[in-house]
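By convention here, the first residue in the shown sequence is residue 1. Bear in mind that the values here come from a model prediction, so they are computed numbers and not experimental data.
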Amino acid sequence: QVLLVESGGGLVQPGGSLRLSCTASGRTSDTYSMAWFRQAPGKEREFVAGIGWFTLNTYYADSVNGRFTISRDNVNFTMGLQMNNLKPEDTAVYYCAADPEGRRSRYQRSFQYWGQGTQVTVSS
């Protein structure tokens with residue numbers, strides 16, 4: 001079992017920045033691929049960014065590419081999401097997820113472990 005805990009959410013003005021963190025514990029492994037998803041009110045959960053295991057290959061949703069940066073620390077089993085130039089449409093609950101099979105995926109069904117989420121609100 002893997003426990004994922006997100007932190008760093010909050011309220012920020014449009015154009016501002018925020019950094020989210022995800023800490024993994026339990027049966028963690030640096031071979032897991034990890035990702036961030038988000039869910040806005042009244043909408044389905046969507047993929048935001050992903051990162052592979054060994055190669056640290058990163059990939060992003062078009063809506064955040066160039067504004068968000070995903071990273072991971074395989075020593076401390078943490079993952080980050082640096083969010084810059086935030087927009088009101090980025091408002092959502094952000095979830096971190098882990099895939100023990102290490103796949104490069106944008107689909108929720110690929111990820112076995114999930115955090116509880118952290119709220120990000122972009123508003124003036």
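In the displayed structure, E89 atom CD is contacted under 6.0 Å by more than 12 heavy atoms of other residues, nucleotides or ligands. In Q39, the CD atom is crowded: over 12 heavy atoms of neighbouring residues, nucleotides or ligands sit closer than 6.0 Å.
In this structure the side chain of T69 reaches within 4.5 angstrom of the side chain of Y60, judged on heavy atoms. Using a 4.5 Å heavy-atom cutoff, the side chains of S123 and Q13 are not in contact. Looking at heavy atoms from C-beta onward, Q119 lies in side-chain contact with T91 at the 4.5 angstrom threshold.
Interatomic distance, OG of S25 versus CG of N76, reported as 12.5 Å (0.5 Å rounding). A distance of 4.0 Å separates CG in D73 from OG1 in T78, rounded to the nearest 0.5 Å.
Of all heavy-atom pairs between M79 and W36, the closest is CE-NE1, 3.4 Å. Considering all non-hydrogen atoms of both residues, S33 and G52 come closest at CB-CA, 4.3 Å. Contact record, G9 with V120: CA-CG2, 4.2 Å, taken as the closest heavy-atom pair. The heavy-atom pair separating A24 from L4 by the smallest distance is CB-CD2, 3.6 Å.
Considering only residues two or more places apart in sequence or on other chains, Y59 meets the ring pair (Phe, Tyr, Trp, His ring centres under 6.0 Å) condition with F47. Listed by chain and residue number, S21 satisfy the side-chain contact (heavy atoms from CB on, under 4.5 Å) test with S7 (two or more places apart in sequence, or in another chain). Residues meeting the side-chain contact (heavy atoms from CB on, under 4.5 Å) test with Q112, sequence neighbours left out: P100. Scanning for side-chain contact (heavy atoms from CB on, under 4.5 Å) contacts around F68 gives R38, V48, V64, L81, M83, L86, D90, Y94, with sequence neighbours left out. With sequence neighbours excluded, the residues forming a side-chain contact (heavy atoms from CB on, under 4.5 Å) with S71 are R19, listed by chain and number.
Applying the ring-ring contact (aromatic ring centres under 6.0 Å, His included) rule to pairs touching residues 101-124 yields F37-F111, F37-W114, sequence neighbours excluded.
With D99 contributing its side chain and E101 its backbone, the two residues share a donor-acceptor pair below 3.5 Å. Judged purely by atom type and a 3.5 angstrom limit, Q116 has no side-chain atom pairing as donor or acceptor with the backbone of V5.
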Derivation of the side chain to side chain donor-acceptor pair (under 3.5 Å) call for N65 and R67: CA-CA 6 Å; N65 197 21; R67 300 188 297 122; over 6 Å; no
Candidate pair K87 and V122, rule side chain to side chain contact (heavy atoms under 4.5 Å, CB included), full reasoning: CA-CA 6 Å; K87 304 175 181 181; V122 185; 5.5 Å; no
Derivation and outcome, side chain to side chain contact (heavy atoms under 4.5 Å, CB included), residues T121 and V12: CA-CA 6 Å; T121 302; V12 63; over 6 Å; no
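No hydrogens or angles considered: a donor-acceptor pair under 3.5 Å links the side chains of N84 and S17.
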